[in-house]
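Small disclaimer: the values here were computed from a predicted structure and weren't measured.
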Amino acid sequence: MPDPNATLAGKGADTSDVAEVTLSPKPVLMMSGRASWDQGFQKLSDSFKALRAEAQKAGLAVAGRPLSLFVETTDDGFRFEAMLPVAIPSGGQAPALGADFKMSTSPAGAALRFLHQAPYDDIDSTYETITAYLEAKNIVVKDAFLEEYVSELADPADPNLEINVYVQPK
């Protein structure tokens, strides 16, 4: 039975811990989205609800925590790919999916994991820490950042919200 709470690379020790991890590719149910910065939390939360509903409708077991791959950011907002790891049914038959959904694979390979454990509104400070770390170590990374939501995205003010942020070196 797949673990719906499994993370891509285990659990981080603490917020000051930067871990070198290897992400294994996982089958994911995916949908693309776009949001302004002000509506970002709600759009992500709504996307995960839609993915869970579609997985249930398609008979796919959830096999991990929800993910967002941020594929473009501007001053006005961002484009993202919301993903939900799922277990492929025995026989490997692709399920019938709604028009907004598709099967894909999560990002894979070497990555650095940073832990954000604070309200969502404070995530900018985590990204500032990531940027400073990468600059200090002269690490060039891919343009897309991957967030894994260890906690449910229910309340943007939740002080215990836990998010793994993965960056992959080029």
Side-chain angles (χ1 to χ4, degrees), residues 1-35 37 40-41 43-45 47-48 51-52 55 60-74 77-89 92 94 101-153 160-170:
M1 190 72 187
D3 180 358
N5 293 312
T7 59
L8 293 176
K11 184 137 174 64
D14 62 55
T15 54
S16 64
D17 182 33
V18 177
E20 292 182 20
V21 299
T22 300
L23 304 177
S24 297
K26 292 190 175 200
V28 294
L29 181 60
M30 186 175 89
M31 67 183 293
S32 297
R34 178 182 300 272
W37 293 110
F41 182 89
K43 285 276 194 175
L44 292 170
S45 180
S47 295
F48 299 138
L51 285 167
R52 288 184 192 283
L60 295 168
V62 175
R65 301 302 303 160
L67 309 162
S68 288
L69 185 66
F70 294 88
V71 293
E72 179 187 26
T73 58
T74 66
F78 57 92
R79 279 189 326 109
F80 63 95
E81 293 174 348
M83 296 177 253
L84 185 64
V86 293
I88 299 297
F101 304 93
K102 68 180 183 177
M103 292 299 299
S104 189
T105 305
S106 65
L112 296 172
R113 177 185 56 211
F114 297 82
L115 176 62
H116 172 79
Q117 196 164 23
Y120 194 80
D121 292 340
D122 294 345
I123 202 158
D124 284 350
S125 63
T126 298
Y127 277 99
E128 289 168 9
T129 299
I130 292 169
T131 301
Y133 180 89
L134 297 174
E135 286 176 0
K137 301 277 187 182
N138 256 349
I139 300 171
V140 179
V141 296
K142 295 178 182 175
D143 288 338
F145 287 76
L146 181 68
E147 290 183 2
E148 177 181 45
Y149 306 94
V150 180
S151 306
E152 293 299 322
L153 283 185
N160 298 312
L161 182 66
E162 194 172 323
I163 300 171
N164 289 324
V165 180
Y166 298 98
V167 295
Q168 292 187 281
K170 281 190 177 176

- Note on the structure: CG (L84) and OG (S106) are apart, to the nearest 0.5 Å, by 11.5 Å

- Note on the structure: For P85 and L67 the tightest heavy-atom approach is CG-CD1, 4.2 Å

- Note on the structure: Sorted by chain and number, sequence neighbours left out, side chain to side chain contact (heavy atoms under 4.5 Å, CB included) with T74 holds for E72, D76

- Item | Donor-acceptor under 3.5 Å (Q168 side chain, A108 main chain) | yes

- Message: If you take the centroid of each ring, where Trp contributes its six-membered ring, are Y166 and F114 closer together than 6.0 Å?
- Response: no

- Message: To the nearest 0.5 Å, what is the distance between OG1 on T126 and CD1 on I163?
- Response: 8.0 Å

- Under-4.0 Å salt bridge between R113 and E162: no

- Might you work through the side-chain contact (heavy atoms from CB on, under 4.5 Å) test for F145 and T73, ending with a clear yes or no? CA-CA 10 Å; F145 287 76; T73 58; over 6 Å; no

- Any sub-3.5 Å donor-acceptor pair from R65's side-chain atoms to Y149's backbone N or O? yes

- Hey, what do you get for CG (D124) to OG1 (T131), rounding to the nearest 0.5 Å? 10.0 Å

Please list every donor-acceptor pair under 3.5 Å in which a side-chain atom of residues 22-34 meets a protein atom from a residue at least two apart or in another chain.
none

- Check L44 against S68 and note the closest heavy-atom contact, atom names and distance. CD2-OG, 3.1 Å

- Query: Which pair of heavy atoms, one from L161 and one from P119, lies closest together, and at what distance?
  - Reply: CD2-C, 4.4 Å

- Should the ring pair F78 and W37 be called parallel, tilted or perpendicular, given that the plane angle runs from 0 to 90° and is split at 30 and 60? tilted

- Message: Between L8 and N164, is the side-chain contact (heavy atoms from CB on, under 4.5 Å) condition met? List the steps.
- Response: CA-CA 9 Å; L8 293 176; N164 289 324; over 6 Å; no

- When every non-hydrogen atom of I123 is compared with those of E147, the smallest separation belongs to CD1-OE2, 3.4 Å

- Message: What verdict does the side-chain contact (heavy atoms from CB on, under 4.5 Å) test give for E81 and V71, after you've listed the backbone C-alpha separation in whole Å, the side-chain angles of each residue and the deciding distance to 0.1 Å?
- Response: CA-CA 7 Å; E81 293 174 348; V71 293; 4.1 Å; yes

- Where R52 and P66 come nearest, the two heavy atoms and their spacing: NH2-CG, 3.5 Å

- Task: Report, as yes or no, whether the 6.0 Å neighbourhood of atom CG on D143 holds more than 12 heavy atoms from other residues, nucleotides or ligands.
- Result: no

- Query: Where does the angle between the aromatic ring planes of F70 and F80 fall among parallel (under 30°), tilted (30 to 60°) and perpendicular (over 60°)?
  - Reply: tilted

- Rounded to the nearest 0.5 Å, what's the gap from CD on E20 to CG on L112? Could you check? 6.0 Å

- Between the main-chain N or O of K43 and the side-chain N or O of S47, is there a donor-acceptor pair closer than 3.5 Å? yes

- Message: Show the nearest heavy-atom pair for residues M83 and F48, with the distance to one decimal.
- Response: O-CE2, 4.1 Å

- Message: Pair V150, Q117 - check side-chain contact (heavy atoms from CB on, under 4.5 Å), show working.
- Response: CA-CA 10 Å; V150 180; Q117 196 164 23; over 6 Å; no

